Student: 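Take a look at the following structure, please.
Letters A, B, ... are given to chains in the order of the sequence lines, protein chains preceding strands, and every chain is numbered from 1. In this text the structure is predicted, and so the values were computed from the model without any measurement.
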Number of protein chains: 2
Amino acid sequence: MGLVWGIDRGPRDPDHEGGPVSRATLADVARLAGVSPSTVSLTFSGSGPVSAATRERVLTAAAELGYSGPDPLARSLRRGTSGVVGVITGGELAAHFRDPVAIRTLDGIADTLGAHDLGMLLIRVNNGGEGVDLATRAAMDAAIFLRSVDGADEILQALTRRGTPVVLMESALPGAASVTMTDEEGMAELGARVLALGHTRIAVVTLPWGRERRRGLRHGLDAAADAATYRFTRDRMTGLARAGVRPTAVYETCGSLVEEGFEAAKALLDVPPNERPTAIIALSDLLAAGVVLAARELGLSIPLDLSVTGFDGVDLPWLAPDVIDSVEQPVARKGQLAGEMAVAMMRGEPPASVELGVWPRAGTTLGPVPESRSSAEAG
Amino acid sequence: MGLVWGIDRGPRDPDHEGGPVSRATLADVARLAGVSPSTVSLTFSGSGPVSAATRERVLTAAAELGYSGPDPLARSLRRGTSGVVGVITGGELAAHFRDPVAIRTLDGIADTLGAHDLGMLLIRVNNGGEGVDLATRAAMDAAIFLRSVDGADEILQALTRRGTPVVLMESALPGAASVTMTDEEGMAELGARVLALGHTRIAVVTLPWGRERRRGLRHGLDAAADAATYRFTRDRMTGLARAGVRPTAVYETCGSLVEEGFEAAKALLDVPPNERPTAIIALSDLLAAGVVLAARELGLSIPLDLSVTGFDGVDLPWLAPDVIDSVEQPVARKGQLAGEMAVAMMRGEPPASVELGVWPRAGTTLGPVPESRSSAEAG
DNA sequence: TTGTAAGCGTTATCAG
DNA sequence: CTGATAACGCTTACAA
């Protein structure tokens with residue numbers, strides 16, 4: 001092939017003299033089939049009128065040369081699209097895919113992208129800045145930001161300047177689409193339910209407040225809501241405060257894990273009986289499950305001795321017979337929606353913002369509510 | 001800019017006359033900075049010698065034009081690489097990301113790819129063939145197949161012809177790298193431990209045998225091992241048979257889920273006490289956990305009334321105080337290894353095949369072994 | 001240290 | 001229905 005000086009693309013078996021040094025291209029197929037490159041292109045894309053005979057000849061030539069369709073890279077450049085949507089994750093998710101909520105969100109995104117025949121480019125950005133480079137250099141037709149990503153600003157800016165549509169989850173920014181949830185309202189409603197039961201000694205087990213992880217007792221809920229930089233944590237604590245919950249103890253954990261909830265409960269319940277909380281509000285279901293397990297171990301009956309609530313609406317079959325009283329989040333829907341927004345923007349539609357509602361879900365760990373107070377009053 | 005007839009790339013705000021219709025390119029930056037395109041390229045790639053003054057001028061021009069680095073598509077075409085590794089998943093994983101083993105594998109892959117600044121393109125191929133097209137058309141420098149993928153052959157062929165390196169997990173093929181695990185041996189060892197305890201009435205709770213999902217009792221283990229088309233299922237059952245386990249009952253489930261194990265155990269244990277199995281071997285930890293929960297509910301003491309074993313070595317803190325006797329798999333390592341293989345092949349190294357060992361892990365659900373028999377005799 | 005030039009492998013347009 | 005042509009936006013060997 002007319003290669004005079006060649007391009008260095010690493011070792012390609014140079015002393016192999018019979019076979020082609022580089023892969024067959026569309027032009028090679030055209031030559032062998034005795035047609036023009038455009039005809040070959042049309043044959044493979046299926047988008048143009050090609051006579052059966054010609055198509056046959058092209059396909060034969062392709063098979064002979066071991067040509068398996070247009071090169072994705074060249075096609076992408078020419079068409080200006082890559083067929084790939086970037087999903088950029090940070091924080092916890094970067095280290096482990098373990099959070100069931102994140103997993104379900106990803107699943108929702110994958111649903112939508114799969115249905116549109118789009119690839120999902122997963123980019124983990126960790127605190128060290130690994131991934132930022134990739135996120136700004138990778139080819140993608142749109143990007144979805146999952147949770148708060150630490151190097152987000154830089155990435156966001158690069159993408160925006162390049163005109164790549166961006167969908168933000170759990171945060172909003174002009175120019176970008178966003179999907180958020182009414183965590184605060186949902187938690188306020190759940191808090192109201194707890195208060196309606198007449199509990200006075202209420203403890204709260206929280207998610208991490210910010211990037212640095214510290215485990216232990218904290219003082220006051222309002223201060224906590226202010227101090228927390230993580231949106232989930234802040235919104236949910238604010239919701240509790242708004243509902244009028246004044247906890248006797250607040251315990252910060254290092255993450256949404258069963259073990260963390262277990263430890264927190266052990267600490268909170270290891271006090272004289274008359275000081276012991278009668279209700280523990282956990283900011284996630286996994287934490288709540290840990291609380292339930294700790295209570296079981298201490299011989300406390302749920303919900304008679306202790307009411308427990310969570311957040312997320314995750315399915316925990318192994319906690320049977322208990323089912324956490326929680327706040328249901330349409331997480332998969334959220335992911336699908338984010339995917340749909342990305343697709344819409346790729347088509348040129350303007351960015352939209354959607355807020356999905358969350359709602360309390362009755363379980364077995366809260367106990368019966370004496371008086372029905374379903375709608376929480378704001379204020 | 002010199003666009004006369006233009007290319008239709010969808011709506012781009014055509015009546016906006018002041019601003020640039022298309023994004024600024026490297027050439028535009030060069031023109032504004034008064035340097036040649038190659039200089040701009042060198043400036044951004046950082047790979048060539050550029051004087052501080054020139055670099056400054058280029059960066060200023062870029063900022064002015066809102067240019068944020070070379071277009072990924074063009075760069076990819078020119079360099080011949082995309083910086084992306086495809087991870088192709090099928091079967092169960094396609095529908096849900098829920099399997100903890102798969103998740104840990106993905107995590108391992110992500111570790112390695114992240115460290116090499118490579119993107120991870122997740123492609124789900126479902127039974128309907130969705131994703132096959134994408135897998136053959138997407139740009140990737142290497143591909144990793146997770147588990148058995150239904151349309152795999154077609155994808156594999158296309159990738160191979162294109163010269164894309166392929167890493168197979170849990171299967172092997174000439175020309176492709178592969179990483180597998182010694183499931184059969186591991187299970188044989190675990191089976192030997194069960195037999196060493198003197199159990200005679202042993203039941204087995206299996207993973208799905210093949211694509212079609214049927215739940216219920218089956219007859220015989222050898223027949224089962226033959227009938228199973230899913231590799232995990234087949235290998236583990238073969239291992240049991242090899243160890244000499246002759247189960248009194250075999251129960252097929254629809255998936256590795258706690259609920260499935262629970263149901264299976266209920267069915268297996270709902271017989272007259274003198275026919276009841278004294279040991280249940282589950283082919284996954286999640287299934288085993290379901291068995292433990294069912295046994296608890298029936299008031300059976302573990303391991304006194306019933307020995308239980310699993311497979312995978314997954315952490316299940318919520319099952320405390322019980323810890324499943326299981327077979328530990330270095331799953332994350334497996335993922336990392338697959339990533340490393342992909343990277344190596346991208347560098348031109350020949351495909352390698354690695355088999356990772358698995359080993360029994362002692363828990364609390366099997367009971368003490370009277371006589372130590374650590375090495376299983378084959379045959 | 002910087003500029004020149006030759007593509008990378010396609011596809012969209014338009015003419016035949 | 002098919003062919004010629006002109007990009008897509010960038011990188012790199014080599015010359016200056």
Student: I want to check one thing: is the phosphate of D:dT11, taken as OP1 and OP2, less than 4.0 Å away from some side-chain N or O of B:R75?
Tutor: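 So the side chain of B:R75 is within the cut-off, an N or O lying under 4.0 Å from OP1 or OP2 of D:dT11.
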Student: Not counting sequence neighbours, list each pair that qualifies as a ring-ring contact (aromatic ring centres under 6.0 Å, His included) and has a residue in residues 53-75 of chain B.
Tutor: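 Every pair satisfying ring-ring contact (aromatic ring centres under 6.0 Å, His included) with a residue in residues 53-75 of chain B: B:F44-B:Y67.
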Student: Between the base of D:dT11 and the side chain of B:R78, is there a donor-acceptor distance below 3.5 Å?
Tutor: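 Checked by distance alone, the answer is yes.
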Student: Can you name the ring pair (Phe, Tyr, Trp, His ring centres under 6.0 Å) partners of B:F145, sequence neighbours left out?
Tutor: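 Result, ring pair (Phe, Tyr, Trp, His ring centres under 6.0 Å) vs B:F145: none returned.
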Student: What is the distance, to the nearest angstrom, from the CG atom on A:L42 to the P atom on C:dG9?
Tutor: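 Spelled out: CG on A:L42 to P on C:dG9 is 20 Å.
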Student: Between A:T25 and C:dG9, is there a side-chain N or O to OP1/OP2 distance below 4.0 Å?
Tutor: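 False: A:T25 side-chain N/O out of range (4.0 Å or more) of C:dG9 OP1/OP2.
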Student: Using atom CZ of A:F44 as one end and atom P of C:dT10 as the other, report the distance to the nearest whole Å.
Tutor: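 Checked: the CZ to P distance equals 9 Å.
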Student: Whole angstroms only, please: what is the CD-P distance between A:E56 and D:dC1?
Tutor: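 Taking CD of A:E56 and P of D:dC1, I get 16 Å after rounding.
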Student: Would you say B:S45 places a side-chain N or O within less than 4.0 Å of OP1 or OP2 belonging to D:dT11?
Tutor: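 No.
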Student: Please report, rounded to the nearest Å, how far the P atom of C:dT10 is from the CG atom of B:L77.
Tutor: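 Interatomic distance, CG of B:L77 to P of C:dT10: 9 Å.
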Student: A:T81 versus A:S76: any side-chain heavy-atom pair under 4.5 Å?
Tutor: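 Side chain of A:T81 against side chain of A:S76, heavy atoms only: no contact under 4.5 Å found.
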Student: Hey, can you pull the donor-acceptor pairs under 3.5 Å for the side chains in residues 57-65 of chain B, sequence neighbours left out?
Tutor:
| from | atom 1 | to | atom 2 | distance (Å) |
| --- | --- | --- | --- | --- |
| B:R57 | NH1 | B:A33 | O | 2.9 |
| B:T60 | OG1 | B:E56 | O | 2.7 |

Student: Rounded off to whole Å, could you give me the CG-to-C1' distance for the B:D28 and D:dC8 pair?
Tutor: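 Value for this atom pair: 13 Å.
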Student: Heavy atoms under 4.0 Å, any strand shown: does B:S76 hit a base, just sugar-phosphate, or nothing?
Tutor: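 If one applies the 4.0 Å heavy-atom cut-off, B:S76 turns out to touch nothing in the nucleic acid.
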Student: Just jot down the salt bridge (Lys or Arg N to Asp or Glu O under 4.0 Å) partners of A:D117, sequence neighbours excluded, or say none.
Tutor: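 Here no residue qualifies.
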Student: In whole angstrom, give the distance that lies between atom CZ of A:R31 and atom C1' of D:dG3.
Tutor: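 Between C1' of D:dG3 and CZ of A:R31: 15 Å.
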Student: Can you find a donor-acceptor pair, distance only, under 3.5 Å between A:S38 side chain and D:dA4 base?
Tutor: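 Check passes, donor-acceptor contact within cut-off.
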Student: Does B:D153 have any salt bridge (Lys or Arg N to Asp or Glu O under 4.0 Å) partners at least two apart in sequence or in another chain, and if so, which?
Tutor: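 Checked B:D153 against salt bridge (Lys or Arg N to Asp or Glu O under 4.0 Å); zero matches.
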Student: Taking the nucleotide of DNA chain C with the closest heavy atom to each, which residue, A:A27 or B:G34, is nearer the 5' end?
Tutor: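 It is B:G34, whose closest nucleotide lies nearer the 5' terminus.
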Student: Quantify the bending of the helix from C:dT1-D:dA16 to C:dG16-D:dC1 as the angle between its end axes, each fitted on five pairs, to 10°.
Tutor: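 That helix has its two terminal axes inclined by roughly 30°.
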Student: Check each of A:R347, A:R333, A:K334 against A:E340 using the salt bridge (charged side-chain N to carboxylate O under 4.0 Å, His left out) test, and report the only one that passes.
Tutor: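 With A:E340 as partner, salt bridge (charged side-chain N to carboxylate O under 4.0 Å, His left out) holds for just one option, A:R333.
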Student: If you assign A:P37 and A:R55 each to the DNA chain D nucleotide with the nearest heavy atom, which residue ends up on the more 5' nucleotide?
Tutor: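 In this pair, the answer is A:R55.
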Student: Can you tell me how far C1' of D:dC8 sits from CZ of A:R162, to the nearest Å?
Tutor: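 It is 15 Å, rounded to the nearest whole Å.
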Student: Please classify the nucleic acid contact of A:P49 as base, sugar-phosphate, or nothing, using heavy-atom distances under 4.0 Å.
Tutor: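 Touches a base.
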Student: Flag the pair B:V343 / B:L118 as yes when at least one side-chain heavy-atom distance between them is below 4.5 Å, and no otherwise.
Tutor: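 With C-beta onward as the side chain, the pair touches.
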Student: Which part of the nucleic acid, if any, lies within contact of B:Y67, taking any heavy atom under 4.0 Å across all strands shown: a base, the sugar-phosphate backbone alone, or nothing?
Tutor: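 It contacts sugar-phosphate atoms only.
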Student: A:T54 side chain N/O closer than 4.0 Å to the phosphate oxygens (OP1, OP2) of D:dT2?
Tutor: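 The answer is yes; a side-chain N or O of A:T54 sits under 4.0 Å from OP1 or OP2.
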Student: Can you check whether A:T39 has a side-chain N or O nearer than 4.0 Å to OP1 or OP2 of D:dT2?
Tutor: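 No, A:T39 has no side-chain N/O under 4.0 Å of OP1/OP2 on D:dT2.
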Student: Can you measure B:R79 atom CZ to D:dA13 atom P for me and round it to whole angstrom units?
Tutor: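 Checked: the CZ to P distance equals 12 Å.
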